[in-house]
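See below for the structure under consideration.
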Amino acid sequence: MGVPIFGTNLLGKEMEGEDCHQSSKEGRDDGGKGILVILVGAPGSGKTTFCDHVMKNAHRPWTRICQDTIANGKAGTKAQCLKSASEALKDGKSAFIDRCNLDREQRADFVKLGGSKVDVQAVVLDLPARLCISRSVKRTGHEGNLQGGKAAAVVNRMLQKKELPKLSEGFSRITFCQNETDVQGAVNMYSALGPLDNLSSGCFGQKNTDAKVQLGIMKFLKKVEVPDSRVSDPNSFADSIPKQEVEKDVSCLGTENSSIPVSNVDKNFTKGKDVMGGSSHGAVTANDIQTLAFPSISTADFQFNHENASDIIIEKVDEFLSKVENVRLVLVDLIPGSHMLSLVRAKAAQKHIDSKRFFTVAGDITRLYTESGFRCNVIANAANWRLRPGGGGVNAAIFSAAGQALEIATKKRAETLSPGSSVVVPLLPNSPLYEREGVTHVIHVLGPNMNPQRPNCLKNDYIKGCKILREAYSSLFESFASIERTQSIQKEGRWICASDSHDNPVDYSCSDQCPEGEQKVKRGDCFESERNKKYKALPLEPVLKDSECGNSNSHTVTSEVCEQKNKKATEGAKKVWQSWAQALYQIAMYPDQHKDNVLEKSDDIVVLHDLYPKAKRHLLVLSRLNGLDQLSDVQKEHVWLLRAMHSVGLRWAERLLSDDASLIFRLGYHSVPSMRQLHLHVISQDFNSPHLKNKKHWNSFTSAFFRDSVDVIDEVEKLGKAPVNDDDKLLSMELRCHRCRSAHPNIPRLKAHISNCQARFPSALLQNGRLVCAPSKEMGDS
DNA sequence: GTTCTAGAAC
DNA sequence: GTTCTAGAAC
């Protein structure tokens with residue numbers, strides 16, 4: 001293997017040499033045929049890499065035909081690929097078809113290129129969905145522009161429609177690769193092929209891939225009458241699944257033994273656009289079943305133990321379904337076969353949870369209807385405590401799918417959410433989620449957090465954690481039930497809107513510009529006022545009157561928000577910040593308006609260059625928490641934030657060190673900052689900057705006025721607050737070198753000195769990670 | 001936080 | 001005369 005072999009191939013190309021012996025493990029059973037290899041695999045499965053690796057070491061001429069680049073580097077058509085493949089084969093080359101080719105139809109035309117002179121083979125990169133998704137999400141510069149957030153949904157959707165190739169399609173050989181070892185084996189095999197070699201016919205490498213098909217669900221879906229068009233009958237749970245796809249999509253269902261009679265389904269599922277679109281009926285009928293789709297709470301970014309979480313899901317689902325009739329619950333996970341889905345599915349079966357009312361589904365929670373036909377009128381969002389978009393995962397997906405209106409509507413209902421609670425936000429009919437998916441409400445829910453870099457980390461306290469997770473699901477389901485109650489009351493004509501609202505429905509698209517006090521429509525009424533204009537003349541029903549805190553739908557959030565608002569009201573007089581001192585605050589609150597300055601943004605943090613750096617490298621890691629202006633405001637509850645800020649600062653320091661290993665960084669806070677909004681300085685210790693001009697500048701970074709981040713974190717953990725050194729004298733002290741401690745009469749002389757001083761740093765700074773330098777560097781040892 | 005500038009220090 | 005600081009204004 002691996003020795004170049006020359007000869008004359010059947011396509012008439014003159015080759016040199018004479019050694020045409022069997023060169024592959026599988027053996028050559030035909031002499032010198034061209035080979036057309038159709039790669040089969042989802043985005044991220046490694047098709048391009050496979051081709052590259054084979055072609056790098058190949059002993060026969062190969063060409064890679066990629067639809068994403070075939071048109072002068074841009075995406076082209078299947079026809080172009082076919083033409084190009086045909087030409088390459090005629091030219092005596094072998095070819096890889098580098099496109100997904102996940103179903104038979106996509107492959108068929110390429111298979112037809114085979115014949116007496118060309119062998120058509122398939123290499124199936126059947127790697128775990130999780131891996132493909134993870135690769136697709138992470139990659140940049142993908143030829144097909146499939147990367148980042150959208151990749152996960154696309155990969156998932158494609159995988160659900162995957163149809164493994166069969167020899168009967170016309171392949172002479174199919175090589176299945178289900179892990180990296182298989183892939184490497186196939187790469188080796190194809191790269192070793194000389195011009196006259198070929199591989200044996202047949203299927204190779206296929207392990208038992210029979211996905212457990214849930215017969216009950218299959219029966220159910222097969223029983224469902226598939227309508228000719230969605231419009232004609234938008235009511236059924238599975239109504240959008242074309243007949244030929246039903247079987248394939250079933251594999252994404254996690255419920256075993258489900259066998260929902262078609263009659264049940266048709267009657268009980270919420271009536272799509274009829275309900276939501278403001279038809280003359282305008283309300284859910286008594287027989288309509290409300291369906292809540294929810295992600296597993298806390299098990300992703302919050303790192304909650306899956307065993308505990310799945311137990312709690314089952315417990316709470318069981319409890320809720322036994323209490324409330326005419327509702328369905330659907331646990332959704334983006335990744336087929338995810339650990340949580342498997343656990344919950346198994347436990348649900350064990351506990352005999354009603355499989356007609358509880359489902360586990362693999363899919364994108366924001367596209368359940370369009371992609372899988374699941375009509376869920378309410379979806380839950382695993383929100384963050386700030387109720388802000390972003391952060392990735394379900395939260396980012398839902399905020400993105402629902403449009404900006406959700407963000408605004410959410411802010412109208414609650415500013416923040418505490419662990420274990422939830423808040424209902426109705427969607428306006430023009431929300432894409434409403435129009436497309438039939439989702440009328442989003443319930444934000446916050447679970448317990450075990451991730452030390454997220455707020456309110458419970459540090460593996462699972463007694464507390466389980467309690468909060470139970471509360472979160474209880475709150476979520478209660479919120480869901482409250483929607484049901486609300487709609488039932490609407491149906492009976494007792495749901496009323498504030499008088500003005502009918503004529504002046506809130507336009508969320510502009511309401512962020514309206515002062516709060518001028519809002520004419522009561523919160524919570526906006527959506528209903530759109531939907532139920534027929535009830536506009538009826539008097540206000542006290543039972544549904546908004547609380548003062550502005551929450552109509554979920555009692556669970558009311559106390560929470562009131563508490564927060566009261567807390568704010570009772571806060572003592574805070575320092576008044578001059579306008580010039582508000583710049584960082586503005587950036588923290590509205591980072592998108594300062595994109596040019598922002599290096600990194602998350603829900604909690606913004607990173608930016610200090611506008612007037614006092615050293616070669618000087619960044620600010622800015623907290624986005626409103627109300628936390630300076631170190632003296634920090635309390636124990638903010639330790640997570642200090643840690644997160646430190647971690648981000650450290651990461652940036654390391655990044656900057658990779659560009660210039662001579663730098664040394666210190667991370668810390670000014671005891672009394674000039675600018676509002678808690679910010680961590682990440683500053684190199686050269687202090688080589690024209691912006692460092694006076695004594696105050698110098699002393700603010702080199703005296704006890706500067707509080708090391710590591711110390712601040714320790715102290716806040718131990719004492720519940722961060723002691724600050726706010727003595728003005730610190731800033732007017734004599735100018736001393738931060739390394740050798742020598743005194744200097746003025747700034748120019750000091751700067752002249754420090755540009756050369758290489759003394760070892762004072763020992764206090766060398767401890768506890770206060771200084772950060774490149775791994776190989778000794779700090780000031782010369 | 002910066003800029004400006006009067007006046008002290010050299 | 002030049003350099004530097006420090007207080008006021010923003």
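Only this structure's heavy atoms are used, side chains among them; waters, hydrogens and symmetry mates stay out. Chain letters run A, B, ... following the sequence lines, proteins first and then strands; every chain starts at 1.
- Listed pair A/His697 / B/dT2 meets the phosphate criterion, a side-chain N or O lying under 4.0 Å from OP1 or OP2.
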Report each atom pair, protein N/O against N/O of nucleotides 8-10 of chain C, whose distance is under 3.5 angstrom.
from   : atom 1 : to       : atom 2 : distance (Å)
C/dC10 : N3     : A/Trp580 : NE1    : 3.4
C/dC10 : N4     : A/Trp580 : NE1    : 3.2

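- Of the residues in residues 744-756 of chain A, A/Asn746, A/Ile747, A/Pro748 come within less than 4.0 Å of DNA chain C through at least one heavy atom, sorted by number.
- Distance A/Leu731 CG to C/dG7 P: 12 Å, rounded to the nearest Å.
- Rounded to whole angstrom, the span from the CG atom of A/Leu620 across to the P atom of B/dG1 amounts to 9 Å.
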Without placing hydrogens or testing angles, list every side-chain donor-acceptor pair under 3.5 Å for residues 382-395 of chain A, not counting sequence neighbours.
from     : atom 1 : to       : atom 2 : distance (Å)
A/Asn384 : OD1    : A/Arg386 : N      : 3.2
A/Asn384 : OD1    : A/Leu387 : N      : 2.8
A/Asn384 : OD1    : A/Arg388 : N      : 2.9
A/Asn384 : ND2    : A/Arg388 : O      : 2.9
A/Asn384 : ND2    : A/Asp603 : OD2    : 2.4
A/Arg386 : NE     : A/Asp603 : O      : 2.9
A/Arg386 : NH1    : A/Arg624 : O      : 3.1
A/Arg386 : NH2    : A/Arg624 : O      : 3.0
A/Asn395 : OD1    : A/Asn381 : ND2    : 2.7
A/Asn395 : ND2    : A/Arg388 : O      : 2.8
A/Asn395 : ND2    : A/Gly390 : O      : 2.9

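- Rounded to an integer number of Å, the gap from CD of A/Glu734 to P of C/dT5 is 14 Å.
- The residue A/Lys696 sits apart from the nucleic acid: no heavy atom pair falls under 4.0 Å.
- Regarding A/Asp728, its CG atom lies at a distance of 11 Å from the P atom of C/dG7, rounded to whole Å.
- In this view, A/Glu600 and A/Arg651, A/Trp652 satisfy the side chain to side chain donor-acceptor pair (under 3.5 Å) rule, not counting sequence neighbours.
- When the C1' atom of B/dT5 is taken as reference, atom NZ of A/Lys693 falls 13 Å away, rounded to whole Å.
- Atom CG in A/Leu735 sits about 11 Å away from atom C1' in C/dC4, given to the nearest Å.
- Residue A/Lys614 places at least one side-chain N or O closer than 4.0 Å to OP1 or OP2 of B/dT2.
- A close approach under 4.0 Å does occur between a side-chain nitrogen or oxygen of A/His670 and OP1 or OP2 of B/dG1.
- Applying the ring-ring contact (aromatic ring centres under 6.0 Å, His included) test to every pair with at least one member in residues 446-467 of chain A, sequence neighbours left out, gives these pairs: A/Phe304-A/Tyr462.
- Partners of A/Gln582 under the side-chain contact (heavy atoms from CB on, under 4.5 Å) rule, at least two apart in sequence or in another chain, are A/Trp577, A/Tyr585, A/Arg676.
- For A/His738 and A/Phe761, the gap between ring centers is short of 6.0 Å.
- The interatomic distance linking A/Asn694 (CG) with B/dT5 (C1') rounds to 15 Å, in whole Å.
- In this view, A/Glu471 and A/Lys467 satisfy the salt bridge (Lys or Arg N to Asp or Glu O under 4.0 Å) rule, not counting sequence neighbours.
- Among pairs with a residue in residues 683-692 of chain A, none fulfils salt bridge (charged side-chain N to carboxylate O under 4.0 Å, His left out), at least two apart in sequence or across chains.
- The CG-P distance, from A/Leu611 to B/dG1, rounds to 12 Å in whole Å.
- Other residues, nucleotides and ligands contribute more than 12 heavy atoms inside 6.0 Å of the CG atom of A/Asp592.
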Tell me which donor-acceptor pairs under 3.5 Å the side chains of residues 742-752 of chain A have, and how far apart each pair is, sequence neighbours excluded?
from     : atom 1 : to       : atom 2 : distance (Å)
A/Ser742 : OG     : A/His744 : NE2    : 2.7
A/Ser742 : OG     : A/His753 : NE2    : 3.3
A/His744 : NE2    : A/Ser742 : O      : 3.4
A/Asn746 : OD1    : A/Arg749 : N      : 2.9
A/Lys751 : NZ     : A/Ser689 : O      : 2.8
A/Lys751 : NZ     : A/Leu692 : O      : 2.8

